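Per chain, numbering begins at 1; letters A, B, ... match sequence-line order. Bear in mind the structure is a predicted one, so any value in this text is a computation, not a measurement.
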Amino acid sequence: MDVKNQKYDHQSIESKWQKKWQEAKLDETNIEKAPKPFYNLMMFPYPSAEGLHVGNMYAFTGSDIFGRFKRMQGHNVFEPIGLDGFGIHSENFALKIGKNPMDQAKVSEKNYYRQLGVIGAMFDWSRTVETYDPNYYKWTQWIFVQMFKHGLAYRGKAEVNWCPSCKTVLADEQVVDGRCERCGNIVEKRLLEQWFFRITAYAEKLLQNTNTLNWSEKVLVAQRQWIGKKEGVIIHHKVKELDETLDAFSAYPAWLFADTFLVLAPDHPQVATLVKGTTYENEVLDYVKKYKNSKKSTRTKEDEKEGIFTGRYVTDPFSGNDMPVWLANFALMDFGTGIIRCSAHDPRDFEFAQKYKISLKEVVDREDVKTPVNAHENKGVLKDSGPFSGKSISPKLIHEMVEWIAEKKIGKKEINYHLRDWLISRQRYWGPPIPMIFCEKCAKEGKSWFTTEEVKPYIESIGGWPACQRLSAAMAGRYTVPEKDLPLELPYIKDYKPGDDGIAPLAKHKEFYEVNCPGCGNKARRETDVSDTFLDSAWYFLRYPSVGLDGKSSLLRAPKGDASRSDIAVGGLPWNPAITKKWLPVDMYTGGAEHSVLHLMYSRFITMALHDWGYLDFEEPFPNFYAHGLVIKDGAKMSKSKGNVVTPDEYIKLYGTDALRLYLMFMGPFDLGGDFRDSAMEGMSRWVNRIWRLRTAQTSSEQMQRALHKLVKKITEDTEKRRYNTAIAAMMEFTNLVSDQNGNLTPDLLKIFLLLLAPYAPHIAEELWEKNRGAFSIHQQPWPTFDSKYIKENQITIIIQVNGKLRDTLQVQADTGKEKSEIEKLAKENEKIKKYLEGQTVKKIIFVPGKLMNFVV
RNA sequence: GCGGACGUGGCGGAAUCUGGUAUACGCGCAUGCUUGAGGUGCAUGUCCCGCAAGGGGUGGAGGUUCAACUCCUCUCGUCCGCACCA
């Protein structure tokens with residue numbers, strides 16, 4: 001017998017079915033009519049390389065198996081795909097290969113979509129989203145406009161990362177330990193005026209809602225950590241000989257009695273006032289100049305301990321003593337008030353005090369600081385071990401201290417968040433131009449969009465006139481590009497490279513930025529920065545179900561104008577409200593934990609804002625989120641520099657899509673990732689061929705029937721919980737059994753097995769389904785059910801232990817296994833057991849019906 | 001420093017949620033068969049010590065329990081996130 005002829009020809013069979021499925025529009029969801037919508041979403045890829053990475057395929061396969069499973073369970077599954085191709089990732093790749101990002105986008109799109117087309121996922125190709133499509137970013141700009149109109153977008157000064165060698169602005173993610181990811185040079189900070197989104201306004205809601213989300217725990221923890229809520233107090237300090245108050249923040253109020261000096265951040269706005277006219281003035285200002293805006297990453301160890309006395313003292317409201325005021329660069333303007341009360345408790349403060357010979361207080365026992373009064377009387381300095389105490393102070397004591405402090409009017413309660421406002425502007429080319437206009441004339445006259453007639457409908461939503469006037473003053477001269485003029489298209493330019501001066505490429509194009517002011521009609525200047533790529537991906541899930549419903553969808557794959565769809569035309573919104581109500585929020589979201597903080601936080605923020613403005617009826621876009629693991633290669637992280645990046649293409653060609661899908665899912669638990677090894681890949685290819693060679697017979701043994709029903713139960717449970725690795729192992733066990741029994745399997749039973757296999761290996765399942773006269777398509781069949789009468793064993797194994805150690809097992813009828821006396825009799829007759837019980841007194845017998853008996857002697 | 005996850009054969013990993021036959025499934029390896037050879041395919045074996053009977057064994061030390069990979073305490077180690085955070 002020639003085995004070669006029996007080899008599964010994956011290439012022709014897989015492409016045959018891919019074509020048939022496409023022709024049958026098997027994966028195109030009837031968005032309008034679906035009775036049981038299930039929105040199965042996965043994070044769309046950002047093209048930052050030639051093509052798809054095996055890590056992408058890993059994520060998509062894990063998500064797709066779930067989608068296919070849900071479809072067979074009777075849900076109308078919508079599984080969309082698109083490209084997050086606008087922004088810095090794609091731009092950097094284009095720059096690297098010396099191409100215009102706009103040209104490269106088309107090449108990448110073709111490549112990615114070709115690859116995504118052969119990974120066996122049930123993508124609905126009639127509704128793709130590309131973030132660089134003007135019909136998409138029209139609405140990204142629309143969101144920016146709404147943000148501005150609702151007072152959530154503002155201008156402010158901010159530091160940006162600047163690499164002096166690459167002569168470019170870098171995103172935070174591109175700065176690793178203070179150095180440029182690409183060239184290794186130390187990154188500088190430059191203070192520039194930027195656009196921000198006021199995400200901090202939602203800090204509390206973003207935090208509170210984490211309790212309602214069904215997400216992987218580690219992602220929720222990361223989100224809470226990122227928001228970083230800290231409750232504490234602000235203590236007011238009167239400066240001696242000056243009419244000035246210094247406010248310091250503390251999260252550990254039990255220490256406050258121990259503090260002996262104050263430290264300000266070098267860039268604190270009150271520094272100049274403090275030192276004005278003192279003998280220390282010049283020295284301090286030199287210090288400020290040196291350390292202003294310096295971050296840990298750009299400083300040396302010695303710098304960290306540098307400080308300077310301001311020549312001023314404040315009165316400690318707790319003790320009435322004088323406290324010297326110092327400047328030191330370990331105080332950050334970013335946190336709290338930029339002023340620290342310092343004591344011997346903190347190792348950093350302690351070292352600083354030692355160096356500059358600042359007096360400290362004695363340390364007393366923890367027992368003395370159990371209440372605010374105790375703490376006060378003892379001038380309570382905590383002692384745990386040596387001069388430094390841990391920060392483990394009970395929340396109850398903190399609460400009492402805060403109340404006490406508020407009562408004595410020494411300070412006030414304060415909640416501090418680590419979350420910062422979202423810096424949204426980029427001095428780059430490849431992104432949606434920020435749809436704003438600045439008019440100098442209007443600015444001088446104090447006019448802005450907030451003073452126009454158009455503003456009235458929005459007044460209420462931003463809290464009435466006072467808020468509006470405040471915004472008006474801060475936003476003088478600012479107008480949005482009129483909504484009817486959106487999209488504000490990104491022009492094709494030749495000088496798209498980021499400038500060595502930190503100026504956006506579009507700022508060199510008069511024809512782009514010269515516009516008339518929407519307010520006064522005079523010459524004004526259009527914004528030339530583009531928005532952050534995270535804004536593009538913060539709302540794409542809202543778009544997918546509505547793609548095509550406005551008749552002018554995605555550039556490349558727009559459904560041809562369909563008159564029957566005119567009744568649900570979108571009109572003035574990025575999405576169709578009825579469709580959105582039907583399909584959102586997303587039923588299941590799958591993605592990597594690595595960028596789950598930023599992307600998921602921003603998406604939640606945008607959704608909450610849209611909800612508050614009345615555009616959406618839900619606050620949380622992803623009630624269910626599953627974080628998958630990372631694929632590594634031969635024990636090491638995949639990276640271009642190591643040259644160990646696996647591309648799905650070669651493996652699909654060699655072993656087939658199904659084998660690769662199965663292998664990826666078999667490597668390890670889906671939430672933990674796995675190690676990609678070529679030899680193991682071959683093993684999976686062998687199994688696919690074994691499935692191909694499975695033979696059927698006229699009859700099946702009862703054992704086979706039982707095994708199959710158990711398998712149905714196992715695969716159903718494992719797939720639901722996404723334990724794909726153990727599900728595949730169970731299927732392997734089943735095929736091993738079939739081989740052992742020489743193909744003792746009827747076609748009907750084989751077909752049930754194929755149904756279980758279908759979500760995992762869609763092509764071979766379909767082919768074998770057809771060969772066994774199953775009706776097209778296997779993927780539209782209902783998920784099989786099991787009969788519990790086949791699950792119950794009639795022969796069971798009873799474990800016999802002596803003192804908890806396994807000594808023998810008994811094979812008995814299921815009924816017998818429940819009878820204690822019966823089992824005891826059998827066990828005591830057992831030769832092996834007899835040996836262990838001989839000459840011993842049985843003190844106790846533990847019996848678990850149907851499972852085990854344990855003799856305690 | 002704070003927070004989280006994890007630690008099981010030569011390797012990836014099962015069993016941990018719900019305490020009850022530790023190492024399922026796969027890789028690798030070994031031997032044999034098939035084959036002109038390589039490959040493929042098939043069969044058998046594969047935690048450790050021991051001829052066997054038996055004994056030991058899930059990073060380490062304790063504890064709870066009739067029984068612990070599983071639960072608890074401590075400890076060591078690895079990985080991830082946050083961090084001059086007051």
Study note, to complete from the structure: Applying the 3.5 Å cut-off to both distances, the Watson-Crick or G-U partner of B/A14 turns out to be none
Exercise for review: Calculate, to the nearest 0.5 Å, the distance between atoms CD1 and CG belonging to A/Ile728 and A/Leu756 respectively.
Suggested key: 12.5 Å
Exercise for review: Find out whether the Lys NZ or Arg CZ of A/Arg807 is both under 6.0 angstrom from the six-membered ring centre of A/Tyr836 and within 45° of the ring's axis.
Suggested key: yes
Revision key, fill the gap. B/C2 -> Watson-Crick or G-U wobble partner, both distances under 3.5 Å, gives B/G81
Exercise for review: With heavy atoms under 4.0 Å as the rule, sort A/Ala331 into base, sugar-phosphate or nothing.
Suggested key: base
Review point. Quick one: which of B/A15, B/C27, B/C85 gets closest to the side chain of A/Ser679?
Key: B/C27
Practice item. Give me the ring orientation class for A/His418 and A/Trp226: parallel if the planes are under 30° apart, tilted from 30 to 60°, perpendicular past 60°. Key: perpendicular
Check your understanding: Which one is paired to B/U21, where only Watson-Crick or G-U wobble pairs with both distances under 3.5 angstrom count?
Key -> none
Review point. Looking across every strand, which nucleic acid part, if any, lies under 4.0 Å from A/Gly673 by heavy atom: base, sugar-phosphate, or nothing?
Key: nothing
Exercise for review: Give a yes/no on whether any side-chain N or O of A/Lys835 is located under 4.0 angstrom from OP1 or OP2 of B/G54.
Suggested key: yes
Study note, to complete from the structure: Hits for side-chain contact (heavy atoms from CB on, under 4.5 Å) against A/Lys653, two or more places apart or cross-chain, chain-then-number order -> A/Gln11
Practice item. May I ask you to say what A/Gln225 touches in the nucleic acid, namely base, sugar-phosphate or nothing, with a heavy-atom cut-off under 4.0 Å? Key: base
Review point. If you check every side-chain atom of A/Arg690, which of B/G3, B/C42, B/C82 has the closest atom?
Key: B/C42
Review point. Hey, is the side chain of A/Arg807 poking within less than 4.0 Å of OP1 or OP2 on B/G55, counting only N and O atoms?
Key: yes
Review point. In the strands shown, is B/A52 matched to any nucleotide by a Watson-Crick or G-U wobble pair with both distances under 3.5 Å, and which?
Key: none
Exercise for review: Under a 3.5 Å limit for both distances, which nucleotide forms a Watson-Crick or G-U wobble pair with B/U44, could you say?
Suggested key: B/A30
**Study point:** Atom-pair distance (CD on A/Glu831; C1' on B/A53), nearest Å
**Key:** 15 Å
Review point. Do A/Thr210 and A/Arg224 have a side chain donor and acceptor closer than 3.5 Å?
Key: yes
Exercise for review: Using the C1' atoms only, state how far B/A37 lies from B/C51, rounded to an integer number of Å.
Suggested key: 40 Å
**Study point:** A/Asn416 side chain near B/A86 phosphate (N/O to OP1/OP2, under 4.0 Å)
**Key:** no
Check your understanding: Of the candidate nucleotides B/G81, B/G13, B/C42, which contains the atom at the shortest distance from the side chain of A/Asn725?
Key -> B/G13
Check your understanding: Is the A/Trp326 to A/Phe352 ring centre distance short of 6.0 Å?
Key -> yes
Point to revise | Distance, C1' atom - from B/G38 to B/G45, rounded to whole angstrom | key: 25 Å
Check your understanding: The side chain of A/Ala222 lies closest to which of these nucleotides: B/G81, B/C11, B/G54?
Key -> B/G81
**Study point:** Syn/anti state for B/G9 [syn: chi within 90° of 0]
**Key:** syn
**Study point:** Enclosure of A/Lys413 NZ (heavy-atom neighbours >12, cutoff 6.0 Å)
**Key:** no
**Study point:** B/C17 versus B/G9 - spacing of their C1' atoms, nearest Å
**Key:** 25 Å
Exercise for review: Under a 3.5 Å limit for both distances, which nucleotide forms a Watson-Crick or G-U wobble pair with B/G57, could you say?
Suggested key: none
Study note, to complete from the structure: Taking B/C42, B/G26, B/C85 as options, the one with an atom nearest any side-chain atom of A/Lys230 is B/C85
Study note, to complete from the structure: Applying the 3.5 Å cut-off to both distances, the Watson-Crick or G-U partner of B/U65 turns out to be none
**Study point:** Side chain of A/Ala251 (C-beta onward), nearest among B/G55, B/A86, B/C85
**Key:** B/A86
Review point. Where the side chain of A/Thr726 is concerned, which of B/C25, B/C66, B/A14 is the nearest nucleotide?
Key: B/A14
Review point. From the list B/A15, B/C66, B/G54, which nucleotide is the closest neighbour of the side chain of A/Arg723?
Key: B/A15
Check your understanding: When you compare B/C74 with B/G26, how far apart are their P atoms, in angstrom units rounded to a whole number?
Key -> 41 Å
Practice item. Would you mind classifying the nucleic acid contact of A/Asp349 as base, sugar-phosphate or nothing, using non-hydrogen atoms under 4.0 angstrom? Key: nothing
Review point. So does A/Arg686 get a side-chain nitrogen or oxygen closer than 4.0 Å to the phosphate oxygens (OP1/OP2) of B/C27?
Key: yes
Exercise for review: In whole angstrom, give me the gap between the P atoms of B/C71 and B/U16.
Suggested key: 10 Å
Practice item. Using the P atoms only, state how far B/G20 lies from B/A15, rounded to an integer number of Å. Key: 12 Å
Mind listing the N/O atom pairs, protein and nucleotides 18-23 of chain B, below 3.5 Å?
residue : atom : partner  : partner atom : Å
B/G20   : N2   : A/Gln801 : OE1          : 2.9

Check your understanding: When the ring centroid of A/Phe753 is compared with that of A/Phe734, is the distance short of 6.0 Å?
Key -> yes
Review point. For A/Leu837 and B/C66, what is the distance between atoms CG and P respectively, to the nearest whole Å?
Key: 18 Å
Practice item. Give A/Gly674 one of three labels, base, sugar-phosphate or nothing, depending on what nucleic acid heavy atoms sit under 4.0 Å from its own. Key: nothing
Check your understanding: Given the C1' atoms of B/U70 and B/U21, what is the spacing between them in whole Å?
Key -> 15 Å
Study note, to complete from the structure: Applying the 3.5 Å cut-off to both distances, the Watson-Crick or G-U partner of B/A86 turns out to be none
Exercise for review: Verify the neighbour count for atom NZ of A/Lys218: are there more than 12 heavy atoms of other residues, nucleotides or ligands below 6.0 Å?
Suggested key: yes
Review point. In terms of the angle between their ring planes, are A/Phe335 and A/Phe249 parallel, tilted or perpendicular, with boundaries placed at 30° and 60°?
Key: perpendicular
Revision key, fill the gap. Side-chain contact check for A/Phe335: nearest option of B/C42, B/G4, B/C85 is B/C85
Review point. B/G10 and B/G60: how far apart are their P atoms, nearest whole angstrom?
Key: 14 Å
**Study point:** Proximity to the side chain of A/Lys805 - top-ranked nucleotide from B/C85, B/A15, B/G56
**Key:** B/G56
